[in-house]
Amino acid sequence: MDPFPGPARIPEDRINKFKRKDKTKKVKKASEMAQKQAARFDLLLPEDAGFLEGDEDEDTCTISQEDIADAVDITAGRGHVACIDWQSKQLMCEINVMESVNDVKWLHSEAMYAVAQKKWLYIYDSNGIELHCIRKFNDVLRMQFLPYHFLLATASATGFLQYLDVSVGKEVTAICTKTGRLDVMCQNPHNAIIHLGHHNGTVTLWSPNQKEALVKMLCHQGGVRSVTVDKTGTYMVTSGMDKKLKVYDIRTFKPLKSYFLPAGASCLSLSQRGLLSAATGDIVQVYRDVWSSPVTKPYMAHRVPRTVWGLHFCPFEDVLGVGHGDGFTSMLVPGAGEPNFDGLDANPFRSAKQRQEWEVKALLEKIQPELISLNPTELGQVDRASFAQRHQDRVQALGFDPLAKEKFIPKYKTKGRSSAGGVERRKKQVAYEDQRDVIKKTVETKMKMEKERKQKEQKATVFSSQRSALDRFKK
Amino acid sequence: MKVKVLSRNPDDYVRETKYDIQRVPRNYDPTLHPFEVCREYTQALNSTKLDRVFAKPFLASLDGHRDGVNCMAKHTSSLSTLLSGSCDGEVKVWNLTKHECVRTLQAHEGFVRGMVVRHCGTSFFTVGDDKTIKQWKMEAPGYGEEEEPLNTILGKTVFTGLDHHQKDAVFATCGQQVDIWDEQRSSPIRSFTWGVDSFSAVRFNPVETELLASCASDRSIVLYDMRESAPLKKVIMTMRSNTLCWNPMEAYHFTCSNEDYNLYTYDMRYLDRPMTVHMDHVSAVLDVDYSPTGKEFVSASFDKTVRIFPKENGHSREVYHTKRMQHVICVKWSADNKYILSGSDEMNIRLWKANASEKLGVLAPREKQASNYSQKLKEKFQHHPQIRRIARHRHLPKNIFHESKELRIMKEARRRKERNVRKHSKPGAVPVVSEKEKHVVTVVK
């Protein structure tokens, strides 16, 4: 007698991770099966995330890096600003470009990186050889690489947001943002939208398909100092000159939390597991769970020798890289990185052959910039508008509606069983049922309209109760 | 304090020797794989384009007949054998793997009107313009022996079509009437007439093996039951049908090819309106054959093209044409669902692929997996306008392209006129007749 009959039970939280908001009923069964299988496979993931738990009275923020390093026996790698192979801690190349460098970004693989120098945009090989000097992109202050579109988005000091397709080598679009100097930039990894922060406290969202911003949000009362978005595209964290740190839900554009930092945060970075790192002056603080529960104290803190100018979490490691005036420091942050990577997407242990195969597949799957929009699943939705339009055209062309319900013609029964009265009775029955459906539908629509009207009235009363200075101009 | 920092042992993630396969750990978490709809759409677009790049359906041309090919017969048990009869009475047996003619025999004087292979596969029957039915052995005669038919039956009138029962030793011919013959007798065991003087084709139902259907010259299709003494019923259409073919999977569906450039799929039980009207040809449709899966059929037309239709769609999914192929008289879908054979009146039989971009031969398991995946993606995104546009695009010869445009303009004009007449007359005076009902005149029991 089997004590555990039936298929293995899958815990709720694991299956919720793989749930999709699929509105079509047709593929629901296959989709559910796929979700269950993926949730079951989760059990086989080899690694677990890191963690840091203090003892009874100990606060995690008081634990120093030396303590952690001693306990864990990992040596922090020393590196330079140029290129380091993180796994083997080898220096790949070190170059001196003789100019001030505003920003550096890796392109799709470790073979190329882009450097925004004082005048123009340069692209270098991993050996330090200059590959391209792109003069069209001048005065670039910040860059972001959109990996699945092979687009390098650059924000310039003159207020231009330009997109460069690095696989083809062409400029996709140049948008004149008309908002002044752009030096705060981040991307939303979920939908490839660029977030720009401005000195008047607004954050604007851009896609290469529109010449105007998609969304303009007023976030801070001073200038915006830093913006970052989490990898699921749900939360945006901004810090401003008004010394506030705000958390927004970027799907609904509503503010969630607002924290006061005594010295403000000049740089922000979010890790893959939702740890937020904020840097003020020469102190780097890491906070855990900024958006769900109110945070009172940081998870970890660390002081670096000089002022911090840049922060970034390493993708699949528990390491935070800090760039400061004296060089580079890597900080151990347990629980920051995603423990299980996917070998086919981003594999830190890939061989040269695997990298080549991956590069070819990625180029074949390169998404066209026309598909960048706020909702990345727009292509999967059912297009009812086009169907309605085509149906209308067809009705006009044919002269009648081919999808309309056909008139009920009662069957004529043989051997005298179909009398005139019987036929009329059957016809009336169907007519009554149809009428009932019609009445039900009209009643439903009427109720809906009544509800909406009531809601509108309520809103109007709420607004009218608030007196504003402009009321004296109302007639 | 308790602390754990992620540290991966490279030995767990890198292969031990270069003779091992690479290790690829997977994580199916959807947040690690963003843009799934866009990436799948791009993959579907690429596969659709590659489909068009690799669409090379023509395989071989079987050369050898000295007059136009009039009819073909599939061997019932051997996939590589094909029999064809030509307009000068010659019958050739072909080996399709070597594209060679294995055997030639002079069967009739005049046209070979019909051919069919017996269900056991050891002999085949032919009928011709010399009013004879001949039965031949399937094996070639030995050295020094003459080609002699196993059996010859002389009839009184010309026979125009032939078909054999699926299991019994019974076959049917049509000419001036539909006859049912027993193989041992030299006169028909039953004759069906219904006031028509000539029939063009007769077919046994492959599932309900006692039923037959035939196309008559009074624009009708007549249904018979072999066990009864009179025909069952008939449907009269607006124009004459050339041939018909029963669906091998659905017992009661058949498709007939008509002179008014269309094909009609009927349900045998409800003959008052066809289930589907298949419109795409620009000239009379001469032959039709179903795929063994029963989901698609192929049609041969006087307009020098061969079209493949899905059974429920009104339009074709594929069209095959060549500058060298003239009016296509007969067409067959091979029994392994992979090839289409077309015989035309310029004495050639052509071998085509049923799926134009399919890779023939044995596929490696990864190839098969990749092809299944891309097939599913194409199906998922088939309604998106860019993908539909690429998937539907076919090159047509100029005259057929212009002809089809002209036919569309004519149809549009007729429809517009009907709409205007309805608009300007009393409501209900001009009833709306659906396209399907327009082509059926009456059903007679």
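Sequence lines set the chain letters: A, B, ... in the order given, protein chains first and strands last, and positions in each chain run from 1.
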[atom1] of [X]: more than 12 outside heavy atoms within 6.0 angstrom?
X	atom1	value
Ile409(A)	CD1	no
Glu437(B)	CD	yes
Lys361(A)	NZ	no
Lys17(A)	NZ	yes
Glu379(B)	CD	yes
Lys378(B)	NZ	yes
Glu367(B)	CD	yes
Arg384(A)	CZ	no

At a heavy-atom separation under 4.5 Å, does [X] approach chain B through its side chain, its backbone, both, or neither?
X	value
Asp345(A)	side chain
Glu365(A)	both
Gln37(A)	neither
Ala39(A)	neither
Tyr148(A)	side chain
Lys353(A)	neither
Gln396(A)	backbone

Between [atom1] of [X] and [atom2] of [Y], what distance do you get to the nearest 0.5 Å?
X	Y	atom1	atom2	value
Leu398(A)	Glu418(B)	CG	CD	9.5 Å
Phe316(A)	Asn27(B)	CZ	CG	8.5 Å
Leu379(A)	Arg39(B)	CG	CZ	14.0 Å
Ile372(A)	Phe35(B)	CD1	CZ	7.0 Å
Glu338(A)	Thr31(B)	CD	OG1	6.5 Å

Lys/Arg N to Asp/Glu carboxylate O, Arg8(B) vs Asp318(A), below 4.0 Å: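 Judged by the 4.0 Å cut-off on N to carboxylate O distance, Arg8(B) and Asp318(A) do not form a salt bridge.
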
Contact winner vs chain A - His383(B), His33(B), Arg15(B), heavy-atom pairs under 4.5 Å: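 It is His33(B).
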
Greatest number of heavy atom pairs closer than 4.5 Å to chain A - which of Arg422(B), Glu36(B), Arg416(B):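 That would be Glu36(B).
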
Engaged part of Arg26(B) at the chain A interface, taking heavy atoms whose separation is under 4.5 Å: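 Contact with chain A: backbone and side chain both.
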
Arg23(B), part contacting chain A, at a heavy-atom distance under 4.5 Å: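 When you check distances to chain A, only backbone atoms of Arg23(B) fall under 4.5 Å.
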
Taking every non-hydrogen atom, the tightest pair across [X] and [Y]:
X	Y	result
Pro376(A)	Val37(B)	O-CB, 4.3 Å
Pro334(A)	Lys4(B)	CB-O, 3.4 Å
Gly337(A)	Leu6(B)	O-CD1, 3.7 Å

Select, from [options], the one with the greatest count of heavy-atom pairs under 4.5 Å involving chain B.
options	value
Ser351(A), Gly335(A), Gly343(A), Ala192(A)	Gly343(A)
Ala38(A), Ala336(A), Pro339(A)	Pro339(A)
Asn191(A), Asp383(A), Ile367(A)	Ile367(A)

Set of residues satisfying ring pair (Phe, Tyr, Trp, His ring centres under 6.0 Å) with respect to His190(A), sequence neighbours excluded: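 Partners of His190(A) under the ring pair (Phe, Tyr, Trp, His ring centres under 6.0 Å) test: none.
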
Any side-chain heavy-atom pair of Val24(B) and Leu344(A) under 4.5 Å: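 Sidechains of Leu344(A) and Val24(B): in contact.
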
Within residues 41-51 of chain B, residues adjacent to chain A where the heavy-atom gap is under 4.5 Å: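 Under the 4.5 Å heavy-atom cut-off, Tyr41(B), Thr42(B), Gln43(B), Asn46(B) qualify.
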
Phe341(A) and Tyr13(B) aromatic ring geometry - parallel, tilted or perpendicular at 30°/60° bounds: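 If you compare the ring of Tyr13(B) with that of Phe341(A), the planes turn out tilted.
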
